[in-house]
Amino acid sequence: MPIQVTKGDERTQPAEYVEVSGIYTHPDRRGRGYAGFLMREVATRILARGTIPFLHCHTTNSGAIALYRPLGFTPFQTVTAAIFSAT
């Protein structure tokens, strides 16, 4: 059965910013540079259009943060979210 190694895309576009989203590498294929390569490709395309790439992740997601920082992404703000139930 084929395994999807990695994926990534663009999403929200507030003003001159474009969100990098969905960067994911299959757990069996992590640590080989696939996500870093994909992040650079997506960010380069966003920058080529004259827009600014951004992304979000949980502050506890140390793996993602370790990937994003060397690529030039830095923390901008922390957002607190609440989940409400209809019941």
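Note that the coordinates shown come from a computational prediction; the quantities given were computed from them, not determined experimentally.
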Residues 36-47 side chain polar contacts: donor-acceptor under 3.5 Å, at least two apart:
residue	atom	partner	partner atom	Å
Arg40	NH1	Gly36	O	3.3
Thr44	OG1	Arg40	O	2.7

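Without hydrogens or angle criteria, His26 side chain to Asp28 main chain gives a donor-acceptor distance under 3.5 Å.
Hydrophobic clustering, with ILVMFWY side chains joined whenever heavy atoms are under 4.5 angstrom apart, groups Ile52 together with Phe54.
Shown here are the side-chain hydrogen bond (donor to acceptor under 3.5 Å, both in side chains) partners of Ser85, two or more places apart in sequence or in another chain: Thr87. In this view, Pro70 satisfies the side-chain contact (heavy atoms from CB on, under 4.5 Å) rule with no residue, not counting sequence neighbours.
The side-chain heavy atoms of His56 and Ser21, taken from C-beta on, include no pair separated by under 4.5 Å.
Residues Pro53 and Phe73 approach most closely at O-CE2, 3.8 Å, considering heavy atoms. When all heavy atoms of Val20 and Leu55 are compared, the pair lying nearest together is O-CB, 3.6 Å. Counting all heavy atoms, side chain and backbone alike, Tyr24 lies closest to Arg30 at CE1-NH2, 3.4 Å.
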